[in-house]
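The structure appears below as structure tokens.
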Amino acid sequence: MALMKQSRLFNPDAIQSILDDWPETFAEAKVIQQRLCEKILLQDQLSSVNYIAGVDAGVLNKGRQIRASVVILNATDATVVEQKSAVVDNVFPYVPGYLSFRELPAVLSAFLQIEQLPQLIMCDGQGIAHPRRFGIACHLGLITGIPSFGVAKSKLVGDYESPSLTRGSHKPLYYQQQKIGAVLCTRDNVKPVFVSPGHLINIDSAVHWTLTMGRGFKLPEPTRVADKLASRR
DNA sequence: GCGACAG
DNA sequence: ATCTTGTCGC
């Protein structure tokens with residue numbers, strides 16, 4: 001057989017089949033969440049993390065299209081080594097609890113263009129801190145098979161005690177008697193972010209990587225850079 | 001019915 | 001998410 005370097009991370013056909021079967025109703029989407037959430041693993045499966053991806057999306061043309069950006073950063077110094085974006089027609093409205101069905105079509109399109117495989121993915125949004133334990137970080141992690149977690153600017157579900165306003169301070173986030181994430185202060189005197197595992201990672205590691213990739217801003221570099229790319233006008 | 005509600 | 005300039009504070 002031909003000896004060639006794989007130029008793409010995923011089998012385009014596999015991704016395309018997932019996009020072809022993308023749900024069109026909330027009822028359908030809910031069934032998918034209930035089925036897939038059982039496959040989520042919250043045990044670390046992180047080998048050596050050399051590259052970490054930041055993912056985010058923004059709207060274009062008054063909401064008619066979604067632009068997603070995937071940024072690959074060097075895990076040791078948080079420098080950007082690659083960045084790709086994709087624009088797709090908006091196929092799902094924003095409704096709390098169904099964010100992944102709105103953003104992932106664009107995110108997956110952007111991921112298909114990435115050359116450097118990341119060992120960890122940081123999403124702008126929730127992981128298991130979700131009504132059905134299946135936020136966008138879980139969905140993307142399961143589809144890609146890459147460890148993933150979410151860093152959200154605000155809460156979707158759960159109860160917590162406010163951590164002190166000191167960088168590194170954090171408190172557990174609880175929902176239905178279960179610990180589902182952490183409320184973490186990433187910068188002195190700034191409101192905390194909500195960190196939760198997506199797939200193949202535990203809460204402590206998610207918190208660790210959020211702090212490790214921080215650069216003096218509320219948001220860690222991966223999602224901060226992806227956000228700037230996706231929301232630029 | 002009321003409050004909560006990722007982006 | 002997005003509308004939007006300068007301005008206050010560490």
Side-chain angles (χ1 to χ4, degrees), chain A residues 26 29-30 32-33 36-37 40 54-71 85-110 121-142 148-160 162 164-167 169 173-176 180-199 203 206-207 210 214-220 222-233:
Chain A
F26 293 110
K30 188 172 184 177
I32 289 175
Q33 292 179 326
L36 296 184
C37 77
I40 290 298
V55 174
D56 194 24
V59 299
L60 258 37
N61 309 321
K62 298 176 181 177
R64 285 189 284 269
Q65 293 178 305
I66 302 288
R67 174 169 57 208
S69 294
V70 175
V71 181
S85 292
V87 176
V88 306
D89 287 337
N90 181 13
V91 294
F92 226 88
Y94 169 68
V95 171
Y98 296 89
L99 178 65
S100 67
F101 294 96
R102 171 180 174 81
E103 300 192 341
L104 287 192
V107 170
L108 293 172
S109 298
I121 299 172
M122 180 188 291
C123 295
D124 187 319
Q126 316 290 347
I128 61 171
H130 177 278
R132 289 169 290 284
R133 309 292 202 280
F134 201 70
I136 188 169
C138 299
H139 205 163
L140 183 56
L142 209 50
S148 64
F149 67 105
V151 177
K153 295 180 287 295
S154 61
K155 184 192 81 169
L156 210 208
V157 297
D159 305 295
Y160 63 96
S162 296
S164 62
L165 294 176
T166 306
R167 172 176 161 84
S169 164
L173 178 62
Y174 294 102
Y175 183 56
Q176 298 173 335
I180 57 173
V183 185
L184 170 69
C185 177
T186 55
R187 188 184 175 184
D188 289 358
N189 303 312
V190 171
K191 294 204 303 181
V193 295
F194 298 77
V195 179
S196 61
H199 187 41
I203 295 175
V207 167
T210 300
R215 284 295 151 110
F217 296 96
K218 168 170 177 168
L219 293 183
T223 48
R224 195 178 74 83
V225 176
D227 183 276
K228 277 197 301 185
L229 241 191
S231 303
R232 93 208 124 147
R233 43 169 307 170

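Quick note on labels: first sequence line is chain A, next is B, and so on, each numbered from 1.
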**Report entry** Flag side-chain contact, heavy atom, 4.5 Å: A:L140 against A:S100
**Finding:** no

Atom pairs, N/O to N/O, protein against nucleotides 7-10 of chain C, distance under 3.5 Å?
none

Query - A:T186 and A:T210, any side-chain heavy atoms less than 4.5 Å apart - result: yes

Query raised in the report: Would you call A:S162 and A:V183 a side-chain contact if the rule is heavy atoms closer than 4.5 Å?
Result: no

Report task. Give me the ring orientation class for A:F26 and A:Y98: parallel if the planes are under 30° apart, tilted from 30 to 60°, perpendicular past 60°. Result -> perpendicular

Report task. Scan residues 94-106 of chain A against DNA chain B and write down, sorted by residue number, each residue with any heavy atom closer than 4.0 Å; if none is found, say none. Result -> A:Y94, A:P96, A:G97, A:Y98, A:L99, A:E103

**Report entry** Donor-acceptor pair, side chain of A:N90 and main chain of A:F92, under 3.5 angstrom
**Finding:** yes

Query raised in the report: For the residue pair A:F134 and A:H139, does the interplanar ring angle fall in the parallel (under 30°), tilted (30 to 60°) or perpendicular (over 60°) class?
Result: tilted

Query raised in the report: Is there side-chain contact between A:Y175 and A:H130, with at least one heavy-atom pair below 4.5 Å?
Result: no

Requested in this report: Would you indicate whether the side-chain heavy atoms of A:Q65 and A:D89 approach each other to under 4.5 Å?
Outcome: yes

Query raised in the report: Is A:V87 close to A:I66 at the side-chain level, that is, under 4.5 Å between some pair of heavy atoms?
Result: no

Query raised in the report: Name the stems with DNA chain B in them: runs of three or more consecutive Watson-Crick or G-U pairs, distances under 3.5 Å?
Result: none

Requested in this report: Under 4.0 Å from any heavy atom of chain A: name the first and the last nucleotide of DNA chain B that qualifies, 5' to 3'.
Outcome: B:dC5 to B:dG7

Query raised in the report: Under the salt bridge (Lys or Arg N to Asp or Glu O under 4.0 Å) criterion, do A:D124 and A:K153 qualify, and how do the steps go?
Result: CA-CA 8 Å; A:D124 187 319; A:K153 295 180 287 295; 3.1 Å; yes

Report task. Using Watson-Crick or G-U wobble pairs with both distances under 3.5 Å, give me DNA chain C in dot-bracket, 5' to 3', with [ ] for crossers and | for pairs to another strand. Result -> ..........

Report task. Check DNA chain C against residues 226-233 of chain A and give the residues with a non-hydrogen atom under 4.0 Å, in numerical order. Result -> A:S231, A:R233

Query raised in the report: Is a donor on one side and an acceptor on the other found under 3.5 Å between the side chain of A:Q33 and the backbone of A:G135?
Result: no

